[in-house]
Asks: 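The structure that follows is given in the form of structure tokens.
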Number of protein chains: 2
Amino acid sequence: MTQNLRLMVERLKAVSHPLRLRVLALLGSGELCVCQVAEVLQVPQSSVSEALRELRRAGFVNERKEGRWVFVSVVPQSEISPVLQGILAEAMALKEVHQDRDRVAKVKILGIPAVCCKAQKAAKAEAAHV
Amino acid sequence: MTQNLRLMVERLKAVSHPLRLRVLALLGSGELCVCQVAEVLQVPQSSVSEALRELRRAGFVNERKEGRWVFVSVVPQSEISPVLQGILAEAMALKEVHQDRDRVAKVKILGIPAVCCKAQKAAKAEAAHV
DNA sequence: TTAATGTTTCGATATTTTCCGATGTGACTA
DNA sequence: TAGTCACATCGGAAAATATCGAAACATTAA
């Protein structure tokens, strides 16, 4: 409360960006690993990584490493301001984000290896071309 | 509700800026004319004008012309999303904004002519220098 | 009309942000 | 030990934004 102006602006900037807001909204419905996010949003992995770096800097996102994977998630409600909670809720209601969430459901059913592991992914693509 | 992503980002960007957020917060406690804002924030008038243009574009601010003065104010609560209401409330609680509000009180007591009219302003400055 | 004044727009520059391929890093695996 | 993989960081060019004085515009007063 009554934090400073610069800090508040930095936090708002962190979510004032199409990709970053989409990523945040996506994580709003549960933890994902970085490659899942990149796959769902169809965006270069380095872009996702940079988006996550900003969201982490702003304190909105946590990470958990597991082997070579990095799982990211929104920090607990109690750790973010009511304002951000509102932004997150509104973002999750966007129609673009609903579409993303449908894709996430499919990706989760397949499991991480099928989505992220290059070899398996390539094999799948091959099969699709037959 | 369930507006589109681009629009939501544009609105967030509009307030993700130190001057624009300060101006918005200042107007949160009542209508002011442009020159009052410039005086209180000690910022070139053209900068204030540009900040207000963005806030108007985002739909956060209304204007009312009266002679050569332009009075600006935050749009009614019912016209802005709960998220912006939250942002406004949080901005108004910032310590920098409290200081601005103290200055606004003084400026309002003096009245617009004493603050804005160049001649009277110059005379006042002269007097201060003895 | 002419001068003065509040406001907006323009112009020009400086700074920041965005974007993505290439490269680097650390961890698993054959 | 190599090779593979997920992820982070770097490089650097293009685009967007910030900033503010100067000029333009609109209204009022002399």
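Computed from a predicted model, the values in this text were never measured in an experiment. Note on naming: letters A, B, ... go to the chains in the order of the sequence lines (proteins, then strands), and numbering restarts at 1 for each one.
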Asks: Think B:H17 has a side-chain N or O under 4.0 angstrom from the OP1 or OP2 of D:dT19?
Replies: yes

Asks: Are any of B:K13's side-chain N or O atoms less than 4.0 Å away from OP1 or OP2 of C:dT17?
Replies: no

Asks: With side chains defined as the heavy atoms from C-beta onward, is the minimum distance between A:K106 and A:D102 less than 4.5 Å?
Replies: no

Asks: Apply side-chain contact (heavy atoms from CB on, under 4.5 Å) to A:V15 and A:L84, showing your working.
Replies: CA-CA 9 Å; A:V15 292; A:L84 187 81; 4.1 Å; yes

Asks: Could you report the tightest heavy-atom contact between B:R20 and B:A51, atom names first, then the distance?
Replies: CG-CB, 3.8 Å

Asks: Using a strict heavy-atom distance below 4.0 Å, which residues from residues 40-56 of chain A are in contact with DNA chain D?
Replies: A:Q45, A:S46, A:S49, A:E50, A:R53, A:R56

Asks: From CZ of B:F71 over to P of C:dG6, roughly how many Å is that when rounded to an integer?
Replies: 12 Å

Asks: Begin with the C-alpha distance, continue with both residues' side-chain angles, and end with the deciding distance and a verdict on side-chain contact (heavy atoms from CB on, under 4.5 Å) for A:L27 and A:S73.
Replies: CA-CA 6 Å; A:L27 298 180; A:S73 55; 5.7 Å; no

Asks: Look up atom CD in B:Q85 and atom CD in B:E79, then write down how far apart they are to the nearest 0.5 Å.
Replies: 11.0 Å

Asks: Is there a chain of hydrophobic side chains (I, L, V, M, F, W, Y, each step under 4.5 Å between heavy atoms) that links A:V40 to A:L110?
Replies: yes

Asks: Roughly, in whole Å, what's the span from CZ in B:R57 to C1' in C:dT8?
Replies: 16 Å

Asks: Set out, in order, the CA-CA distance, both residues' side-chain angles and the distance that settles side-chain contact (heavy atoms from CB on, under 4.5 Å) for A:N4 and B:E96, then state yes or no.
Replies: CA-CA 7 Å; A:N4 83 38; B:E96 291 92 335; 3.5 Å; yes

Asks: Would you kindly give the CZ-to-P distance between A:R6 and C:dT16, to the nearest whole Å?
Replies: 11 Å

Asks: Are the side chains of B:R103 and B:L41 in touch, meaning some heavy atoms are under 4.5 Å apart?
Replies: no

Asks: Test of understanding: with side chain to side chain contact (heavy atoms under 4.5 Å, CB included), list the residues that count as partners of B:R57, not counting sequence neighbours.
Replies: B:E10, B:E54

Asks: Counting only non-hydrogen atoms, which of residues 18-33 of chain A are less than 4.0 Å from DNA chain D?
Replies: A:C33

Asks: More than 12 non-hydrogen atoms from neighbouring residues, nucleotides or ligands closer than 6.0 Å to CD on A:Q77, yes or no?
Replies: no

Asks: Quickly work out the B:W69 CH2 to C:dT5 C1' distance and round it to whole Å.
Replies: 9 Å

Asks: As a test of understanding, state which of B:V23, B:V61, B:V48 forms a side chain to side chain contact (heavy atoms under 4.5 Å, CB included) with B:V72.
Replies: B:V61

Asks: What N/O pairs connect the protein and nucleotides 27-30 of chain D at under 3.5 Å? Give each pair on its own line.
Replies:
none

Asks: Taking only residues two or more places apart in sequence or in another chain, which ones pass salt bridge (Lys or Arg N to Asp or Glu O under 4.0 Å) with B:R6?
Replies: none

Asks: Could you tell me, to 10°, how much the axis swings from one end of the helix from C:dT1-D:dA30 to C:dA30-D:dT1 to the other, five pairs per end?
Replies: 10°

Asks: Would A:I87 and B:M8 count as a side-chain contact (heavy atoms from CB on, under 4.5 Å) if you check the C-alpha gap in whole Å, the side-chain angles of each, and the deciding distance to 0.1 Å?
Replies: CA-CA 9 Å; A:I87 291 174; B:M8 182 171 176; 4.0 Å; yes

